[in-house]
Structures are given as C-alpha cells and as structure tokens.
Amino acid sequence: MRPLTEEETRALFEKLAKYVGENIQLLVDRPDGAYCFRLHKDRVYYLSERILKMATNIPREHLVSLGTCFGKFTKTQKFRLHITALDYLAPYAKGFGVAAKSTQECRKVDPMAIVVFHQADIGEYIRHEETLT
C-alpha cells in the first residue's frame, strides 16, 4: 500500500470533482479524524490515518484490502469508481449520473427516453461482487 502519485491523485480528484464538486476536501478532513487515499494493486482505498498507521505492521504481500475501495486504475491509467464508494460520495453528490441530453431536450423527450446514464447501482455491485475486493 502506497500513497498515490501526483498523476494518480489528479485523476482521482478529477473524477470525484465530477460528482461532489468542491466537497472533496470534506472527504479528507472529517470531524472524526483525518482520512487519506492509498493505492494497493491498482485499487484506491479510502481509510483513516489511524488505521493506516496500524496497517504498517502488515507486509504488502499479505495485505488483501484496507479501508473502503473507492475504485481502480485501468491499464491505461484511467480511474473508475466502484459502487463501494457510493456511501461516501452520496452525502456530497450533486447527482450521481451523467446527463445524456441537455435541459432543453429533456423538456421535449419521450417519457421512455434515456435522460441520465447511471454510474453505479446496487444491482451492478451484486453482479460483480466476486471481482470487487
């Protein structure tokens, strides 16, 4: 488990900014202590610094996961959010989806038309539970 590089941090924060905007700071500086992001096997984990200090006694090869998995980096170094991050992002989110149509188009569309593409749902989590560590 290691800290994120500057490029990895930028990719992570750009993705988080799409959903929580300026509230990223609230994820790191919480009233119940300081939290951080760490990388382990291409997955980004969100954990308290207190737990991080305790985990330094565990060798990397024996460490399976630590904290909450926020997402992973693909082979092309793009960051993908996991459903496990939803509980932490939801209180600060402006809306957890990507608009497929503009506001003007939404007013005139058919009731069955797709207006927002989902980013994550609980069904996705259940279908891919084995691959989410």
Side-chain angles (χ1 to χ4, degrees):
M1 184 155 295
R2 65 169 177 80
L4 281 76
T5 64
E6 193 169 320
E7 291 176 14
E8 292 165 343
T9 303
R10 184 183 47 76
L12 170 66
F13 284 178
E14 283 177 359
K15 180 65 85 168
L16 292 178
K18 289 181 182 179
Y19 302 106
V20 297
E22 299 296 320
N23 293 329
I24 295 173
Q25 190 66 30
L26 298 174
L27 287 172
V28 180
D29 296 328
R30 293 178 32 172
D32 58 339
Y35 280 69
C36 60
F37 294 99
R38 290 292 185 259
L39 187 76
H40 184 65
K41 297 181 181 176
D42 290 331
R43 298 190 189 285
V44 177
Y45 293 93
Y46 176 68
L47 62 147
S48 73
E49 290 184 359
R50 184 180 58 81
I51 294 175
L52 179 65
K53 288 177 185 173
M54 287 189 265
T56 57
N57 298 328
I58 302 170
R60 284 186 185 180
E61 59 271 3
H62 293 114
L63 189 65
V64 177
S65 88
L66 187 64
T68 302
C69 182
F70 253 49
K72 67 179 259 181
F73 282 99
T74 63
K75 291 180 181 179
T76 58
Q77 292 304 306
K78 293 181 181 175
F79 182 73
R80 306 266 179 185
L81 280 173
H82 280 182
I83 187 71
T84 50
L86 189 57
D87 287 336
Y88 293 93
L89 298 179
Y92 309 114
K94 300 181 282 187
F96 204 73
V98 177
K101 302 198 179 297
S102 70
T103 307
Q104 294 297 327
E105 291 175 312
C106 289
R107 293 180 179 151
K108 301 174 187 173
V109 298
D110 174 43
M112 299 302 289
I114 295 174
V115 177
V116 175
F117 296 121
H118 84 287
Q119 290 297 311
D121 63 13
I122 298 301
E124 180 181 28
Y125 176 73
I126 292 169
R127 289 188 299 276
H128 300 290
E129 190 173 13
E130 314 77 56
T131 60
L132 298 173
T133 55

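Numbers here are sequence positions counted from 1.
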Donor-acceptor check, side chain of [X] to backbone of [Y], threshold 3.5 angstrom: yes or no?
{"X": "T84", "Y": "T68", "result": "no"}
{"X": "Y45", "Y": "M1", "result": "no"}
{"X": "E105", "Y": "S102", "result": "yes"}

Hey, what's the ring geometry for Y88 with F70, parallel, tilted or perpendicular (30° and 60° as the breaks)?
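Answer is tilted, since the angle falls between 30° and 60°.
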Nearest atoms (heavy-atom pairs only) where [X] meets [Y]:
{"X": "L4", "Y": "F37", "result": "CD1-O, 3.3 Å"}
{"X": "K101", "Y": "A113", "result": "CE-CB, 4.4 Å"}
{"X": "L81", "Y": "Y19", "result": "CD1-CE1, 3.6 Å"}

Interatomic spacing from [atom1] in [X] to [atom2] in [Y] - rounded to 0.5 Å:
{"X": "I58", "Y": "H62", "atom1": "CD1", "atom2": "NE2", "answer": "10.5 Å"}
{"X": "R43", "Y": "H82", "atom1": "CZ", "atom2": "NE2", "answer": "5.0 Å"}
{"X": "M54", "Y": "L66", "atom1": "CE", "atom2": "CG", "answer": "9.0 Å"}
{"X": "I24", "Y": "L16", "atom1": "CD1", "atom2": "CG", "answer": "5.0 Å"}
{"X": "L27", "Y": "C36", "atom1": "CG", "atom2": "SG", "answer": "12.0 Å"}
{"X": "D110", "Y": "M112", "atom1": "CG", "atom2": "CE", "answer": "7.5 Å"}

Hey, could you give me each pair passing salt bridge (Lys or Arg N to Asp or Glu O under 4.0 Å) that has a residue in residues 24-39? Not counting sequence neighbours.
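Counting only pairs at least two positions apart or across chains, the salt bridge (Lys or Arg N to Asp or Glu O under 4.0 Å) contacts touching residues 24-39 are R30-D32.
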Go through the steps for V44 and K72 under the test side-chain contact (heavy atoms from CB on, under 4.5 Å), then give the verdict.
CA-CA 6 Å; V44 177; K72 67 179 259 181; over 6 Å; no
What do the steps show when you test R2 against T5 for side-chain contact (heavy atoms from CB on, under 4.5 Å), and what is the final call?
CA-CA 9 Å; R2 65 169 177 80; T5 64; 3.7 Å; yes
Salt bridge check, R10 against E14: does any charged N sit closer than 4.0 Å to a carboxylate O?
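Answer for the salt bridge query: yes.
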For Q77, is the CD atom crowded, meaning more than 12 foreign heavy atoms sit under 6.0 Å from it?
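Counting other residues, nucleotides and ligands, CD of Q77 exceeds 12 neighbours.
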Are E8 and F73 close enough that some pair of their side-chain heavy atoms sits under 4.5 Å apart?
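Heavy-atom side-chain distance check passes, below 4.5 Å.
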H40 vs L63 side-chain heavy atoms within contact, under 4.5 Å:
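They are in contact (side-chain heavy atoms under 4.5 Å apart), so the answer is yes.
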